[in-house]
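As the structure is a computational prediction, the values presented were derived from the model and not from experiment. Only this structure's heavy atoms are used, side chains among them; waters, hydrogens and symmetry mates stay out.
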Amino acid sequence: RSKLHNIVSMKSTMPSSTESMIILSEWISRTIDQVDRTSSSLSAATALGPDLRKSMILCSDDYLLSALRVSCSLADSICRAEEEGGKLLPMPSNNWANGINVQVQATQEINGTLATENGEQENHDKAEFLPFLCNVNDEVANNNSTMQRIYSLGIVLYEIFSGGERPTDLLKGELTTAVETNELAIEENLNFDPLPFDQASPIDIGADINDLLDEISSEEEQNLPKKRQSLQTNSATTRFSVSLESLKAKWIPGPLCDLIANMLDSNNGTLAGEDSYKSIADVRDDLQLMLEKPKTFLYDQDMGKLSVTGLQFRDTMFGCNAELSTIKEAYRRSISGDGELVLILGPSGSGKSLLASEFGRSVSAGGGIVLSGKFDQLKQGKPFSALASAFDLYCGNLMRDSGPLRTAEVALKLISSLGKEVYHLARIIPNLAIMLGPSKSELISHDQEVCANPQKQLQYLLCQFVDVISSSFDAPVTLFLDDLQWADAASIEAVNHLLTAASLAHDERFFFLGCCREGEINGGHPVWKLLTNLERASVGCTNIKLDLMDEHTINTMVSETLSLFPRLTRSLSSVIYHKTKGNPLFVSQLMLSLSKEGLLRPSLSRRRWEWDKEKIQSQKLPDDVAMFITESIQAL
């Protein structure tokens with residue numbers, strides 16, 4: 001029979017000379033010993049007793065990381081067997097752990113961190129079910145057998161995360177079953193059928209002999225002893241209620257204890273609670289989320305703190321990975337010498353700014369320079385307001401992060417490149433005046449030279465500023481401007497100069513990213529004129545249109561915000577989706593409103609968020625996002 005291998009490892013599933021096979025119990029002991037030897041957090045804890053030290057090992061990142069991978073591999077093996085029609089599925093049993101081997105990487109070093117949230121792992125142990133556990137029939141698993149396998153895998157996970165201990169309730173149940181079976185066997189063996197001569201009626205020896213022969217013949221045909229048919233109770237397949245208090249006492253994360261408890265909740269063959277699992281695939285997906293995003297799904301959330309602060313949103317983007325990749329590709333083309341810009345279009349609240357911010361973080365992480373500004377509807381008559389804000393913010397960050405020597409170096413390069421014209425920039429960029437120092441600030445206040453065309457001069461000086469900071473740090477510069485629908489003509493003309501100069505020079509590394517509300521750029525708008533000019537200059541332009549989120553994406557957003565598995569938040573997400581029509585800003589504002597009203601609240605007893613679905617469904621909300629936000633502010 002073929003064996004079932006997991007697909008968690010990034011390496012080949014074929015064993016190599018650097019791999020060895022050991023039973024699960026030995027793998028648990030080895031991993032505990034290895035963590036004990038290599039963990040820096042345990043090296044100083046020499047005075048701990050053995051039980052306390054073991055608990056610290058089991059709840060450490062080192063052990064949890066390895067154990068989660070092995071658990072994922074087992075769940076995935078069952079899922080793949082189910083997808084293949086039910087062949088070679090492990091038969092339900094309370095003793096799966098005795099039939100599981102782990103393929104160990106001989107050169108493996110335990111990595112003591114769960115910080116990588118992308119799930120990419122290498123050189124990790126892999127688990128497989130031994131053939132004697134597997135079903136060779138072609139029968140597709142029915143619902144009851146699925147529940148039995150979920151329970152069986154739950155017992156295995158209990159043993160893995162407890163450090164090899166069998167659940168106490170299971171041991172007691174198995175012992176009780178064995179005793180009851182023994183007593184039943186003795187009772188049935190002592191319960192002899194009455195002999196013919198014990199009966200009061202006359203004895204018909206011939207008839208009795210014929211009846212005995214018929215009985216023996218019937219039992220031989222069935223190949224089963226008639227009296228033993230009542231002794232088929234098997235403790236290995238009987239599902240007992242199991243308490244998780246022992247795991248909790250070892251400081252195993254609460255969400256992981258809940259996951260195992262929900263698996264064992266199928267002990268009666270039916271779903272005993274709303275959180276209970278319905279398929280092994282759900283178990284696998286939840287384990288994988290714990291492995292990929294431990295900060296969100298594995299670690300305990302501070303419910304006490306959240307009960308005071310209320311709902312908190314992470315600065316995370318949902319459902320726009322393809323759009324983010326498109327922006328990154330345009331960026332790479334632009335900094336290679338081909339000037340290019342990207343415009344993100346979409347309705348209000350669709351996540352345009354969040355997508356741009358996510359891209360900006362990736363640029364900064366790669367060593368690039370990002371300048372960010374935002375146009376204001378009330379400042380449309382003030383030229384360069386957004387650009388000045390972007391450069392001022394950059395100068396402030398430069399002084400804070402780069403130190404006085406590097407800041408002075410950039411200031412000297414600006415003076416060398418721009419001469420005393422630098423004071424024109426310092427007038428609209430306050431932090432630049434601070435960078436230039438007191439002597440230059442006096443120059444700013446006393447030099448009264450007037451330029452014939454100040455707007456043209458500022459456009460030129462801003463372009464020079466970009467060139468200076470790019471050369472100073474040998475890094476490409478990205479300029480991001482938000483709310484382009486309110487942009488002034490002078491600022492857009494400066495952007496035009498930056499893009500055309502970069503395109504003509506083929507060596508100036510500059511990239512422009514803008515956000516604009518869809519449908520608000522017409523033929524007379526400065527941005528429209530910019531796009532027309534750039535098309536004539538053969539400067540590339542990529543338009544990205546953001547649509548509203550679908551129900552699946554909203555569920556991902558709700559799930560990660562509440563640190564609950566997606567299967568647990570689907571009902572709430574469905575209500576939110578139909579009320580918000582998929583607008584991301586509306587979703588976040590609605591959830592904040594529900595939190596303030598107590599309809600979405602942290603539960604200290606359950607250590608998770610809970611909600612009143614019926615009351616949320618009955619709420620009447622305005623159709624307009626802006627109106628809803630206004631009403632929420634007025635209600636404060």
Side-chain angles (χ1 to χ4, degrees), residues 67-68 71-72 74-79 81-83 86 89-97 140-162 166-170 173 236-248 252-291 296-298 300-301 303 555-556 558-559 562-575 603 605-614:
L68 277 171
S71 302
C72 282
L74 292 172
D76 188 70
S77 295
I78 301 173
C79 289
E82 289 177 342
E83 291 169 0
L89 274 168
M91 294 177 290
S93 168
N94 297 342
N95 299 316
W96 271 5
V140 178
N142 57 38
N143 183 64
N144 187 51
S145 64
T146 297
M147 294 299 103
Q148 291 173 343
R149 287 188 179 89
I150 292 174
Y151 179 85
S152 299
L153 184 59
I155 296 296
V156 175
L157 265 56
Y158 184 104
E159 296 185 40
I160 290 175
F161 290 101
S162 67
R166 292 276 284 175
T168 304
D169 304 287
L170 187 64
T237 57
T238 303
R239 286 175 283 172
F240 305 96
S241 296
V242 175
S243 170
L244 272 291
E245 294 306 315
S246 177
L247 275 185
K248 295 175 183 178
I252 304 302
L256 184 54
C257 291
D258 292 341
L259 180 147
I260 298 174
N262 293 339
M263 297 176 69
L264 300 178
D265 202 24
S266 60
N267 63 317
N268 294 319
T270 58
L271 298 180
E274 62 178 7
D275 295 345
S276 297
Y277 285 98
K278 299 178 178 63
S279 70
I280 292 287
D282 284 340
V283 176
R284 176 196 58 191
D285 294 345
D286 288 356
L287 288 169
Q288 194 65 37
L289 282 173
M290 284 185 165
L291 187 60
T296 302
F297 295 107
L298 175 60
D300 293 284
Q301 304 299 310
M303 290 292 110
N555 189 42
T556 302
V558 173
S559 166
L562 303 181
S563 294
L564 289 172
F565 296 123
R567 66 185 179 87
L568 301 178
T569 57
R570 288 192 187 106
S571 60
L572 174 63
S573 300
S574 178
V575 176
S603 170
S605 59
R606 301 181 68 188
R607 308 184 314 280
R608 52 167 278 185
W609 288 89
E610 59 184 14
W611 52 87
D612 294 321
K613 180 182 174 182
E614 290 73 18

* Might you work through the side chain to side chain contact (heavy atoms under 4.5 Å, CB included) test for Leu572 and Leu562, ending with a clear yes or no? => CA-CA 11 Å; Leu572 174 63; Leu562 303 181; 3.9 Å; yes

* Would you check, one step at a time, whether the test side chain to side chain contact (heavy atoms under 4.5 Å, CB included) holds for Leu291 with Leu287? => CA-CA 6 Å; Leu291 187 60; Leu287 288 169; over 6 Å; no

* **Trace of the side chain to side chain contact (heavy atoms under 4.5 Å, CB included) decision for Thr296 with Gln301** => CA-CA 8 Å; Thr296 302; Gln301 304 299 310; 5.8 Å; no

* **Verdict with supporting geometry, Arg166 and Asn95, side chain to side chain contact (heavy atoms under 4.5 Å, CB included)** => CA-CA 10 Å; Arg166 292 276 284 175; Asn95 299 316; 3.1 Å; yes

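Counting only heavy atoms from C-beta outward, the side chains of Ser71 and Ile160 approach each other to under 4.5 Å. Residues Met263 and Tyr158 fail the side-chain proximity criterion, which asks for heavy atoms closer than 4.5 Å. Looking at Arg567 and Asp285, their side chains never come closer than 4.5 Å, going by heavy atoms from C-beta outward. The side-chain heavy atoms of Asp286 and Asn262, taken from C-beta on, include no pair separated by under 4.5 Å. The side-chain heavy atoms of Asp265 and Asp275, taken from C-beta on, include no pair separated by under 4.5 Å. For the pair Ile252/Ile260, no side-chain contact is recorded, criterion being any heavy-atom separation below 4.5 Å from C-beta on. Looking at heavy atoms from C-beta onward, Pro566 lies in side-chain contact with Leu289 at the 4.5 angstrom threshold. Between Ile78 and Arg284 there is no side-chain heavy-atom pair separated by less than 4.5 Å.
The CG atom of Leu74 sits 11.0 Å away from the SG atom of Cys79 when rounded to the nearest 0.5 Å. Of the inter-residue distances, the one linking Ile150 atom CD1 with Lys278 atom NZ reads 9.5 Å to the nearest 0.5 angstrom. The CG atom of Leu564 sits 10.0 Å away from the OG atom of Ser573 when rounded to the nearest 0.5 Å. Rounding to the nearest 0.5 Å gives a distance of 6.5 Å between CE of Met303 and CH2 of Trp609. A distance of 7.5 Å separates CE of Met147 from OG of Ser279, quoted to the nearest 0.5 Å. To the nearest 0.5 Å, atom CD of residue Gln148 and atom CG of residue Asn94 are 10.0 Å apart.
For the ring-ring contact (aromatic ring centres under 6.0 Å, His included) test, residues two or more places apart in sequence or in another chain that qualify with Phe297 are Phe565. A search for side chain to side chain donor-acceptor pair (under 3.5 Å) contacts involving Arg570 returns nothing, not counting sequence neighbours.
The closest donor-acceptor contact from the side chain of Trp96 to the backbone of Met91 lies under 3.5 Å. Looking only at distances, no side-chain donor or acceptor of Asp282 sits under 3.5 Å from a matching main-chain atom of Tyr277. The backbone N or O of Arg608 lies less than 3.5 Å from no partner atom in the side chain of Ser603, so there is not a single donor-acceptor pair.
Residues Leu264 and Gly154 come closest through the heavy atom pair CD2-C, 3.8 Å. Taking both residues in full, the closest heavy atoms of Val156 and Ala97 are given as CG2-N, 4.0 Å, listed atom of the first, atom of the second, then distance. The two atoms that bring Ser145 and Pro92 nearest to each other are O-CG, 4.2 Å, heavy atoms only. Closest heavy-atom contact between Pro90 and Arg149: O-NE, 2.7 Å. When every heavy atom of Cys257 is checked against every heavy atom of Leu244, the shortest pair comes out as O-CG, 3.9 Å. The two residues Ile155 and Pro167 come nearest to each other via the heavy atoms CD1-CG, 4.2 Å.
Ion pairing of Asp258 with Arg607 is present here, as a side-chain N (NZ or NE/NH1/NH2) and a carboxylate O approach within less than 4.0 Å.
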